[in-house]
Protein chains: 2
Amino acid sequence: MPAMTTRPQQGRRRAHALSKAQIVRAAIEILDRDGEHALTFRALSARLATGSGAIFWHVADKEDLLAAATEEIIARLVAEPGNDMEPKRAIRAVALAVFDAIDAHSWLGGQLFRNPAQPAALRISEMIGRSVQALGVPERALFNCWSALINYMLGVAAQNAANARQAHAEADRSAFLANVANRWAHLDPTEFAFVRQVADELRDHDDREQFLAGIDLILAGIGTLTRRADPSP
Amino acid sequence: MPAMTTRPQQGRRRAHALSKAQIVRAAIEILDRDGEHALTFRALSARLATGSGAIFWHVADKEDLLAAATEEIIARLVAEPGNDMEPKRAIRAVALAVFDAIDAHSWLGGQLFRNPAQPAALRISEMIGRSVQALGVPERALFNCWSALINYMLGVAAQNAANARQAHAEADRSAFLANVANRWAHLDPTEFAFVRQVADELRDHDDREQFLAGIDLILAGIGTLTRRADPSP
DNA sequence: TAAAGCAATGGAACGTTGTTCCATTCAAAT
DNA sequence: ATTTGAATGGAACAACGTTCCATTGCTTTA
């Protein structure tokens, strides 16, 4: 019996079958607890007590995994209320829900906007679109108003996610902001007059309010397209 | 003479000294030609006919390298005109300049917005801020108006970059858009009524116009904050 | 001019990652 | 009882960012 290279017998496990949903759930837990960079197939294998091969049987690649995780979170979010609301209120509600979701899962921002055409994300676009339509925006301007809102939402969202990632490296959020604010406050007074001026406000602003203010700004802009009746041209 | 493990003599090269600027220039060329994923220290070493060690002598790490590349592009952009312009025109000009830069260097979007507080990027924020101020926005609203514009700019920018990355995988841009539009057009008619409706417009819209329309929308929104004189409340 | 010091170089080596490969197992179908 | 094939777990691979280090040649010093 010459030395056939035979693998040592492997410990089997089939106690609870492995499923994509289970994998995605574990991935989300790792992402939420330890951050985006901590999600590796090895960490995931360890947590699920299996090998990477088994995971790849259920998942195409890492992008697929992250997409599925995003899908999962957004699906929970979309499954909520918000049928018959006044359009503006509806838009604010959807926007805030997205904002809060990204705030709670800092990895979501980068992901959601790396691929905003994901099925579940499309449902958000749909809700925004209908509300904009309900505002009475003229046909021509519809597409642009809709996309401006979506782009702004995703922009701030991902932006916040990026900040959260950096703030995680330092002590905490407020320390991080104070740090940035200080750096800004010491810039060249003539070249950076404005940035220096808003440095203070940066230090203790509320991201959520700031976000909503931007939404309202765009809504106000949309308002100028629709209210052609009241004032004179 | 026992076997000292001595390295085989290395070929030297000092024909043209290596500098950070030179490295950054080469990095930009790789990024522009072959995309973000193609910029590796090995590719960079090959192009500069050196070793990775030599590169790391001039550059802290990859993040530093990408930041420097971003800085380089933005610096060129900022070094231009735009002193005394009407505020709205100035804002549009800056925004379009940023948009075009990101359009020309598809990697720039993701980078610029992963770290929007980079020195050169701050100069853009400063220009926007001054213009917003010049519009006569009340003190309280200044910070929010400014950040809404910046966030929207970066949002669309990075969004476009993401699309460019995906479009690069497929044939070209228009084929990519047509593909997405087709997928949207075949969604469930009741659940995705709106998205289906705008699918056509997506197919042959102009990114640049769309971007500018969003800017104008925000500017219109800002206008409602400042024009308290003309119409009645 | 000779020696010493040191910024700079180039490439081997390291640790980690995403992914592939494959011998193996178990439950269902035959 | 046998065959089948979906599913498993872990070894192996390629590529990456980064570190390490023997070596070089310019510059400074004696």
Side-chain angles (χ1 to χ4, degrees), chain A residues 1-24 26-27 30-31 34-69 107 110-111 114 165 169, chain B residues 1-24 26-27 30-31 34-69 107 110-111 114 165 169:
Chain A
M1 192 188 290
M4 282 275 299
T5 55
T6 167
R7 299 280 178 86
Q9 63 182 45
Q10 317 179 197
R12 287 290 121 194
R13 70 165 17 255
R14 188 82 59 144
H16 301 309
L18 207 51
S19 71
K20 179 156 183 175
Q22 198 178 128
I23 294 174
V24 168
I30 294 180
L31 285 167
D34 305 322
E36 200 164 359
H37 74 280
L39 179 64
T40 72
F41 281 92
R42 283 169 175 79
L44 200 51
S45 300
R47 177 178 252 277
L48 291 170
T50 180
S52 46
I55 295 179
F56 271 94
W57 179 261
H58 297 274
V59 159
D61 51 19
K62 192 168 188 182
E63 193 178 321
D64 179 35
L65 177 60
L66 283 168
W107 50 275
Q111 191 52 33
R114 203 183 319 280
R165 212 180 315 137
Chain B
M1 193 186 292
M4 283 273 301
T5 54
T6 167
R7 300 277 180 87
Q9 62 183 45
Q10 315 178 197
R12 287 290 121 193
R13 70 163 17 255
R14 188 80 63 140
H16 301 310
L18 206 54
S19 72
K20 179 156 183 176
Q22 198 177 129
I23 293 174
V24 168
I30 293 180
L31 285 168
D34 305 322
E36 200 164 0
H37 74 279
L39 179 63
T40 73
F41 282 92
R42 283 170 175 79
L44 200 51
S45 300
R47 178 177 250 277
L48 292 170
T50 181
S52 47
I55 295 178
F56 271 95
W57 179 262
H58 297 275
V59 158
D61 51 20
K62 191 168 190 181
E63 194 179 320
D64 179 33
L65 177 60
L66 283 169
W107 50 275
Q111 192 52 34
R114 203 183 322 278
R165 211 180 315 137

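Numbered from 1 within each chain, the chains take letters A, B, ... in sequence-line order.
Scanning both residues, A:Ala69 and A:Val24, for their nearest heavy atoms gives CA-CG1, 3.7 Å. Scanning all heavy atoms of the two residues, the minimum distance from A:Gln22 to A:Leu18 falls at OE1-CD1, 3.8 Å.
Residues satisfying the side chain to side chain contact (heavy atoms under 4.5 Å, CB included) test with B:Ala38, not counting sequence neighbours, are B:Ile30, B:Asp34. With sequence neighbours left out, B:Arg47 forms a side chain to side chain donor-acceptor pair (under 3.5 Å) with B:Glu29.
Set against C:dT17, C:dT19, D:dT8, the side chain of A:Leu18 has D:dT8 as its closest nucleotide.
With rounding to the nearest 0.5 Å, the separation of CD1 in A:Ile55 from CG in A:Leu44 is 4.0 Å.
Taking atom NZ on B:Lys20 and atom C1' on C:dA8, their separation rounds to 16 Å, with Å as the unit. One interatomic measurement links the two molecules: CG of A:Leu48 to C1' of D:dT8, which rounds to 13 Å at whole-angstrom precision. Rounded to whole Å, atom P of D:dT18 lies 12 Å from atom CG of B:Leu44. The interatomic distance linking A:Gln22 (CD) with D:dA7 (C1') rounds to 13 Å, in whole Å. Atom CZ in B:Arg42 sits about 10 Å away from atom C1' in C:dA12, given to the nearest Å. Atom CD1 of B:Ile23 is separated from atom C1' of D:dG17 by 15 Å (rounded to the nearest Å). In this structure, A:His37 atom NE2 and D:dT18 atom P are separated by 14 Å, rounded to whole Å.
Listed by residue number, the members of residues 51-64 of chain B with any heavy atom below 4.0 angstrom from DNA chain C are B:Gly51, B:Ser52, B:Gly53, B:Ala54, B:Trp57, B:His58.
Within 4.0 Å (heavy atoms only), A:Leu39 reaches sugar-phosphate atoms of the nucleic acid but no base atom.
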Can you give the donor-acceptor pairs under 3.5 Å from side chains of residues 58-68 of chain A to other protein atoms, not counting sequence neighbours?
unit_1	atom_1	unit_2	atom_2	d
A:Asp61	OD1	A:Glu63	N	3.4
A:Asp61	OD1	A:Asp64	N	2.9
A:Lys62	NZ	A:Leu39	O	2.8
A:Asp64	OD1	A:Lys20	NZ	3.4
A:Asp64	OD2	A:Lys20	NZ	3.2
A:Asp64	OD2	A:Ala60	N	3.0

